[in-house]
Protein chains: 2
Amino acid sequence: MRCRHSGPLPPLSAPSAAPSFAPLYLQIKALLEKSLEAREWRPGEPIPSEIELASRYQVSQGTVRKAIDALAADNLVVRRQGKGTFVATHTEERTSLPRFLRIRRNEGGDVAPVSRLLDVRRAKAAADVARLLGLKPGDPVLVLKRVLDYAGAPVVLDEITLPAALFRGLTKARYDAYRGSMYGFFESQFGVRMLKAQERIRAVAADAATAEVLGTEVGAPLLAVDRVTLTYGDRPVEVRRGLCVTHGYHYLNDLY
Amino acid sequence: MRCRHSGPLPPLSAPSAAPSFAPLYLQIKALLEKSLEAREWRPGEPIPSEIELASRYQVSQGTVRKAIDALAADNLVVRRQGKGTFVATHTEERTSLPRFLRIRRNEGGDVAPVSRLLDVRRAKAAADVARLLGLKPGDPVLVLKRVLDYAGAPVVLDEITLPAALFRGLTKARYDAYRGSMYGFFESQFGVRMLKAQERIRAVAADAATAEVLGTEVGAPLLAVDRVTLTYGDRPVEVRRGLCVTHGYHYLNDLY
DNA sequence: CAGTGGTCTAGACCACATC
DNA sequence: ATGTGGTCTAGACCACTGG
């Protein structure tokens with residue numbers, strides 16, 4: 001169908017987003033990623049069928065398949081046999097647990113926690129947050145405070161910092177009106193998709209304000225979870241610190 | 001080459017370890033897993049080439065490839081282009097960081113910590129440990145205490161519980177004579193391969209004994225990391241509790 | 001029924017490693 | 001030169017979904 005691998009071929013006809021000498025399926029993957037980022041298909045919607053994509057990019061279905069497999073492995077896309085391949089979304093997480101939530105009850109019976117937004121305020125980015133978010137110190141940010149209640153009891157206190165430029169019009173009222181996970185809110189209301197994150201976990205002693213909110217004693221040991229969340233192109237779009245009571249709860253992690 | 005998918009075919013000629021109606025490549029994968037478990041090829045050694053396996057199992061090379069891809073995704077095997085596919089091993093971890101070690105320095109420059117074994121003693125499994133290890137309460141276990149020194153300073157205090165039956169002849173002297181990671185030691189000396197693990201993380205206050213070893217104050221917040229480690233067939237073979245100073249260090253986790 | 005993703009095959013060729 | 005894994009194709013058929 002195409003003359004291939006006779007030299008590191010000019011990747012397809014159009015200039016590609018991928019390194020020019022990458023395998024074809026990775027070039028296709030990069031093109032699809034660009035389309036996802038450009039919201040050519042929206043979260044929850046199906047992308048075109050493998051056959052259609054194969055003809056669009058003038059490659060075999062098997063190559064498209066490998067590209068989509070790679071996207072699925074990255075959780076950018078979800079395959080559903082007989083139905084199609086769908087853009088991954090955070091907006092369907094009301095039924096199950098949010099994908100990035102690692103806090104569990106010690107005794108089984110996992111129920112999704114309830115999120116209570118305490119406060120939204122504007123601020124200027126401090127040096128450390130600015131660096132993490134790729135902003136300049138003093139750039140405007142939004143700072144959200146929220147509590148996660150498990151079975152009615154407060155377990156996590158989050159302080160979430162967002163670049164104000166990406167979340168224009170975010171107010172407490174608007175969040176309270178939304179039904180679903182916070183990342184579903186970000187995705188559907190502001191078009192910001194959280195794709196992956198890195199967390200650094202430490203143990204700290206509760207200060208007075210935190211102890212008050214979480215109903216613990218001052219000085220009680222808490223988990224401090226510092227998260228940086230990335231969107232397309234590994235651009236950081238959220239910095240968050242969670243303080244977590246681990247009396248009856250824990251942070252779950254799988255190694256393999 | 002073979003009549004395939006005309007009914008849920010009798011899986012290959014020999015009875016398979018896999019559910020009989022699984023896709024062929026998963027049946028092949030299960031067979032390969034059985035061979036790995038049976039130590040037909042040893043850690044670090046190459047498994048037979050795709051072509052040879054294809055002829056051995058009477059399937060196409062592409063099917064063997066999918067099976068091996070799945071094994072590689074599970075970290076049971078490592079592919080090396082031009083050389084072959086090798087049984088994954090913990091014994092080459094002296095150069096880099098042990099695969100299951102998530103504790104990092106806050107400031108870059110990751111150096112592998114030094115492991116100091118404090119103590120090995122025999123004991124009878126308590127009820128909770130017995131349950132986690134699939135033993136009966138009172139069954140013999142080994143309990144190891146060890147410290148991880150980062151740059152000369154103690155950071156992690158581990159208490160490691162092992163089924164005595166699987167680690168006959170484990171002594172402090174023998175460990176001290178071994179060069180390499182602890183899992184490399186288990187793998188090469190006792191033939192026990194740690195394949196995956198699940199960790200539950202909590203924040204606790206340092207007790208006197210721990211504070212002494214880690215050089216912190218009594219009551220200082222520590223990370224408590226409870227790990228259950230599994231070998232083939234998801235059989236648990238290690239239970240471990242790590243207590244970790246997070247002053248200058250943290251537990252790193254990637255979400256995606 | 002038609003359309004989708006999932007499996008399997010067979011064969012060609014490429015890239016890398018080793019001798 | 002040979003052998004390994006890696007990529008790509010083309011086509012057949014299966015399994016699931018929905019009209």
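All chains are named by letter (A, B, ...) in the order of the sequence lines, taking the proteins before the strands, and each is independently numbered beginning at 1.
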Open item on the list: Holding to salt bridge (Lys or Arg N to Asp or Glu O under 4.0 Å), I want the full list of residues that pass it with B/R227, two or more places apart in sequence or in another chain.
Closed with: B/E199

- [ ] With sequence neighbours left out, write down each residue that passes side chain to side chain contact (heavy atoms under 4.5 Å, CB included) with A/I103, or none if nothing qualifies.
- [x] A/L101, A/Y150, A/V155, A/V156, A/C244, A/Y249, A/Y251

TODO: Apply salt bridge (Lys or Arg N to Asp or Glu O under 4.0 Å) to B/R200 and list each qualifying residue two or more places apart in sequence or on a separate chain.
DONE: none

Task: Side-chain donor/acceptor of A/Y178 to backbone N/O of A/G184, under 3.5 Å - done: yes

TODO: Nearest whole angstrom, please: distance from the C1' of D/dC8 to the NZ of A/K29.
DONE: 18 Å

TODO: List for me each residue that meets side chain to side chain contact (heavy atoms under 4.5 Å, CB included) alongside A/R235, sequence neighbours excluded, and say none if there are none.
DONE: A/E37, A/T231, A/Y232

Open item on the list: For A/K196, give me all partners under salt bridge (Lys or Arg N to Asp or Glu O under 4.0 Å), at least two apart in sequence or on another chain.
Closed with: A/D234

- [ ] Rounded off to whole Å, could you give me the CZ-to-P distance for the A/F21 and C/dC16 pair?
- [x] 12 Å

Open item on the list: With each end axis built from five pairs of C1' atoms, what bend angle do you get for the helix from C/dC1-D/dG18 to C/dT18-D/dA1? Round to 10°.
Closed with: 10°

Open item on the list: Keeping B/Q27 on the side-chain end and B/A22 on the backbone end, is there a donor-acceptor pair under 3.5 Å?
Closed with: yes

Task: DNA chain C contacts among residues 68-87 of chain A, heavy-atom distance under 4.0 Å - done: A/R79, A/R80, A/Q81, A/G82, A/K83, A/G84, A/T85

TODO: Take the protein atom CD of A/Q27 and the nucleotide atom C1' of D/dC8, then report the distance between them rounded to whole Å.
DONE: 12 Å

TODO: Kindly write out the residues that satisfy salt bridge (Lys or Arg N to Asp or Glu O under 4.0 Å) with A/R65, not counting sequence neighbours, or none if the list is empty.
DONE: A/E50

Task: Nearest-Å distance for atom pair CD/P, residues A/E50 and C/dT7 - done: 11 Å

- [ ] Quick one: which residue pairs count as a salt bridge (Lys or Arg N to Asp or Glu O under 4.0 Å) with a foot in residues 96-111 of chain B, not counting sequence neighbours?
- [x] B/R102-B/D254

TODO: Calculate the interatomic distance between A/L24 atom CG and C/dC14 atom P; express it in whole Å.
DONE: 14 Å

Task: Separation of D/dG6 C1' from B/K66 NZ (nearest whole Å) - done: 16 Å

TODO: Mind running a 4.0 Å heavy-atom check of residues 41-49 of chain B against DNA chain D and sending the residues that fall below it, in number order?
DONE: B/S49

Task: Qualifying residues under side chain to side chain contact (heavy atoms under 4.5 Å, CB included), relative to B/E187, sequence neighbours excluded - done: B/P43, B/T89, B/H90, B/T91, B/R193

Task: Spacing of B/R65 atom CZ relative to D/dG6 atom C1', expressed in whole Å - done: 5 Å

- [ ] Figure out the CD1/C1' separation between A/I51 and D/dT9, and round it to whole Å.
- [x] 15 Å

Task: side chain to side chain contact (heavy atoms under 4.5 Å, CB included) against A/R174, all qualifying residues, sequence neighbours excluded - done: A/T171, A/F185, A/Q189, A/F190

